[in-house]
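These notes concern the structure reproduced below.
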Amino acid sequence: MTTPTPAADPSRALLRAATRHSASRTAALCLVSTAATGAGLLLPTALGRTLDLLLARAPATGWVLCCAGLVLSLALLDGCQSVLVGTVDARTTAWLRGRLTRRVLAVGPAVTARFGAGDLVARLVGNAAQAGTAPAARAALLAAFAGPVGGIVALGLIDVWLAVVFLAGAPVLAALLRAFARDTSRCVTRYQREQGRIAAALAEAVDGHRTIRAAGTADRETARILRPLPELSRAGHRMWQVHGRASAQAVAVAPLLQLGVIAVAGVLLARHRLTVGEVLAASRYAVLATGVGMLVAHLASVARARAAAGRLGEIATEPAPAHGTRRLPPGPGRLELRGVTARRGKHTVLAGIDLVVPGGTTLAVVGRSGAGKSLLAAIAGRLADPDDGEVLLDGVPLSELTHDDLRRAIAHAFERPVLLGDNVEDAIGLGLPAPSPTRIREAARTADADAFVRRLPSGYATALTDAPRSGGESQRLGLARAFAHGGRLLILDDALSSLDTVTEARITEALAGGSSATRLLIAHRAATAARADAVAWLDGGRVRAVGRHEELWAMAAYREALTGTASGASTASAEEACP
C-alpha cells in the first residue's frame with residue numbers, strides 16, 4: 001500500500017479547504033497572535049531599559065508608560081485571540097460537518113456499509129470538532145514558534161555570545177519536539193480509532209434495544225460495547241506518557257539553556273559589556289527562547305487535529321455516483337437490466353442478470369434469503385451501481401440521467417422505512433417540491449394508511465414522535481410516501497412484509513388499478529408473487545426462471561424457495577399462493 005503524497009493526501013486537502021472557508025478570520029488570528037508575540041518580545045527590552053534608568057536615577061516616566069502600554073496591549077490582544085480562536089473553531093467545525101454530511105448522503109449506503117452508522121456519527125461529531133481546531137491551532141503554533149525565534153534574535157542583538165550559547169543546545173530541543181509530534185500523531189490516531197469502534201457498537205445496540213431487552217442480554221451487550229475499552233485506555237495512557245516524557249525532557253533541557261545564557265550574561269556584566277537591565281532582558285529572552293511548554297501544547301493540538309482530519313479524509317475519498325446530462329424521453333417506464341453483475345468484497349452476489357420489465361406491469365422478484373433480491377432492487381433504482389452491466393429506463397442508462405430526472409422517475413419503499421419530517425404529512429411528502437394535502441391524502445388512502453392517520457391526536461399534523469405505530473403502520477406510511485412521489489418506476493423492497501394479507505391485497509389492487517407506473521416488487525410471500533404480472537426467480541445470483549407464478553409453482557424448487565418446503569402444492573400453501 002503506497003503512502004499518499006502530501007498533494008494527494010485527502011486530509012490535508014480537506015484542512016486546506018476548511019482553512020480557506022475561514023480565511024479572513026484565520027488571517028486576523030495570525031495578525032493578533034503575531035502582534036501579541038511582538039508585544040511580548042518588546043516588553044523585556046522596555047523593562048530592562050526602565051531598570052537601567054531607575055538605577056541611574058534618570059527620568060524613566062516614558063519607559064514606565066511604555067511598559068504599562070505593552071502589558072495592556074498583551075491583555076487586549078489575548079482577549080481578541082480567545083474570541084477569534086472560538087469563532088474560527090466553530091465556523092470550521094460547522095463547515096466540515098456540513099461538507100461531510102453532504103458527502104455521506106451523496107455516496108449513499110456504501111459509506112454506511114464501510115464504516116458503520118456509529119463510527120460515522122463519531123467521525124462527524126467528535127472528529128469534526130477536533131479537526132475544526134486545525135486552522136486556529138496552526139495560527140497559534142506559528143505565533144508560538146515566533147516567540148522562541150524572536151527571543152534568539154533578541155539575545156543576539158544584546159550580545160552575540162548569548163545567542164551562540166543558546167543555539168549550542170537548541171538542536172536537542174528541536175529533536176525532542178520532532179519526536180513528540182511524531183509519537184503524538186500515532187497515539188491520537190489509535191485513540192480515535194478505538195473511540196469509533198465503541199461508537200459503532202453502541203449505535204448497533206441502541207438500534208436493537210428491544211431485541212436486547214427481550215433476549216435479556218443487556219450485560220453481554222454492555223461487555224461487547226466496552227470490549228475496546230482496555231485498548232482505548234492503553235492508547236490514552238500512551239498519549240499521556242508521550243506528553244509527560246516530552247515535557248520532562250524539555251523541562252530538563254530548557255533550564256540548562258537558560259542558566260547558560262544567564263551565566264554568560266553575568267560574565268559580560270562583570271566585564272561591563274552589559275548593563276543590569278540588559279541582563280534582566282536577556283534572562284527574559286532566554287525564557288521566551290525556551291518556551292517549549294507552549295510549543296508542546298500547540299503541537300499536541302495540531303497532532304490531534306491532523307489525526308481527526310485523517311479519519312474525515314477517509315469519508316471524503318468515498319466515491320459518490322456520478323450523474324449524466326441526459327433527460328428521460330416520454331415512455332411507459334420500461335426497465336431493462338443488461339448483464340448486471342454485482343460483488344460485495346470477493347463474493348459475487350449477482351452474476352450476469354438480464355431482465356426486462358415492460359412498462360406499466362408488475363414484476364415480483366423472489367428467491368431464498370441471500371439470493372440478492374434487495375441488491376437487485378437497489379441497482380434497479382440506482383441506490384447502488386453494478387460492477388458490470390447497465391440498467392436502462394425507457395432506453396436510457398440510469399448513469400447517464402441527470403440527478404433530478406433520475407430521482408423524479410423512481411420511487412422507493414422499504415421493509416423498514418425511516419420516516420423523516422416534523423409530522424406525518426411531512427413524512428409522506430418527503431422529497432416532493434410542492435407537496436399538496438390532496439396528493440398526500442390520496443397516497444395515504446392507496447397505502448391503506450388514511451384511516452389510522454386520522455385517528456392520531458392531530459391527524460396528519462401529528463408529530464412523528466407523538467405518533468405511536470406498529471411495523472405494519474410504518475410500512476404503510478413508507479408506501480404512502482412512495483405513492484405520493486409518483487414517477488415511472490416504483491420499487492417495493494419487501495415493503496409489504498409487515499402487512500396482513502387482507503391489507504396487502506387491498507394495497508396491491510388499488511395500486512394496480514390507479515397507477516401507470518412500472519412496479520418491481522421484492523416478495524417473500526407466495527400470495528404477493530401470485531398477484532404480479534410476472535415473477536423473476538433468483539437463485540444463486542442468477543435469474544433461474546421468469547414467468548407467471550402459476551406456471552412456476554409447478555416446480556418443486558420454486559415452491560421450496562417461497563415456502564421452505566418442496567411439497568404441498570395442493571395444500572394450504574398452494575391455496576394461499578393462488579387465491
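From a predicted model like this one, the values you see are computed outputs, not experimental measurements.
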Closest non-hydrogen atom pair, [X] against [Y]:
{"X": "Gln81", "Y": "Ala36", "value": "OE1-CB, 4.5 Å"}
{"X": "Leu269", "Y": "Val276", "value": "CD1-N, 3.9 Å"}
{"X": "Ser22", "Y": "Thr92", "value": "OG-OG1, 3.7 Å"}
{"X": "Pro135", "Y": "Val88", "value": "CB-CG1, 3.9 Å"}
{"X": "Cys67", "Y": "Leu43", "value": "O-CD1, 4.0 Å"}
{"X": "Ala131", "Y": "Ala308", "value": "N-CB, 3.7 Å"}

For the pair [X] (side chain) and [Y] (backbone), establish whether a donor and an acceptor sit closer than 3.5 Å, ignoring hydrogens and angles.
{"X": "Thr402", "Y": "Asp405", "answer": "yes"}
{"X": "Arg91", "Y": "His21", "answer": "yes"}
{"X": "Thr317", "Y": "Glu314", "answer": "yes"}
{"X": "Arg97", "Y": "Val125", "answer": "yes"}
{"X": "Ser283", "Y": "Leu280", "answer": "yes"}
{"X": "Glu278", "Y": "Thr275", "answer": "yes"}
{"X": "Thr93", "Y": "Asp89", "answer": "yes"}
{"X": "Tyr285", "Y": "Leu41", "answer": "yes"}
{"X": "Asn423", "Y": "Thr462", "answer": "no"}
{"X": "Thr133", "Y": "Ala129", "answer": "no"}

Answer yes or no: is there a side-chain heavy-atom contact under 4.5 Å between [X] and [Y]?
{"X": "Leu420", "Y": "Asp426", "value": "no"}
{"X": "Arg234", "Y": "Glu231", "value": "yes"}
{"X": "Arg382", "Y": "Leu401", "value": "no"}
{"X": "Pro397", "Y": "Arg326", "value": "yes"}
{"X": "Trp63", "Y": "Leu47", "value": "no"}
{"X": "Asp422", "Y": "Leu464", "value": "no"}
{"X": "Glu390", "Y": "Ser399", "value": "no"}

Nearest 0.5 Å, what's the [atom1]-[atom2] distance between [X] and [Y]?
{"X": "Leu398", "Y": "Asp385", "atom1": "CG", "atom2": "CG", "value": "8.5 Å"}
{"X": "Cys66", "Y": "Leu42", "atom1": "SG", "atom2": "CG", "value": "7.5 Å"}
{"X": "Thr19", "Y": "Arg138", "atom1": "OG1", "atom2": "CZ", "value": "5.5 Å"}
{"X": "Arg408", "Y": "His403", "atom1": "CZ", "atom2": "NE2", "value": "10.5 Å"}
{"X": "Ile225", "Y": "Ile198", "atom1": "CD1", "atom2": "CD1", "value": "9.5 Å"}
{"X": "Thr222", "Y": "Arg227", "atom1": "OG1", "atom2": "CZ", "value": "11.5 Å"}

For Arg469 and Ser474, which I'm curious about, is there any donor-acceptor pair between the side chains at under 3.5 Å?
yes
Do Asp387 and Thr341 get their side chains close enough for a donor-acceptor pair, meaning under 3.5 Å?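 Per modelled atom types, Asp387 and Thr341 side chains form no pair under 3.5 Å.
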Regarding [X] and [Y], does a basic nitrogen lie under 4.0 Å from an acidic carboxylate oxygen?
{"X": "Glu318", "Y": "Arg114", "value": "yes"}
{"X": "Arg311", "Y": "Asp119", "value": "yes"}
{"X": "Arg49", "Y": "Asp52", "value": "no"}

Exercise for review: Would you please test Val267 and Arg273 for side-chain contact (heavy atoms from CB on, under 4.5 Å) and show each step?
Suggested key: CA-CA 9 Å; Val267 172; Arg273 290 177 55 180; over 6 Å; no
Taking atom CH2 of Trp95 as the centre, report whether more than 12 heavy atoms of other residues, nucleotides or ligands fall under 6.0 Å from it.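 More than 12 within 6.0 Å, yes.
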Begin from the C-alpha positions of Arg407 and His412 and carry the test side-chain contact (heavy atoms from CB on, under 4.5 Å) through to its verdict. CA-CA 10 Å; Arg407 291 304 157 213; His412 294 263; 4.1 Å; yes
- Item | Test side-chain contact (heavy atoms from CB on, under 4.5 Å) applied to Glu415 and Asp493, step by step | CA-CA 6 Å; Glu415 178 185 8; Asp493 185 2; 6.0 Å; no
Could you check His347 against Val349 for side-chain contact (heavy atoms from CB on, under 4.5 Å), going step by step and ending with a plain yes or no? CA-CA 6 Å; His347 178 56; Val349 182; 3.7 Å; yes
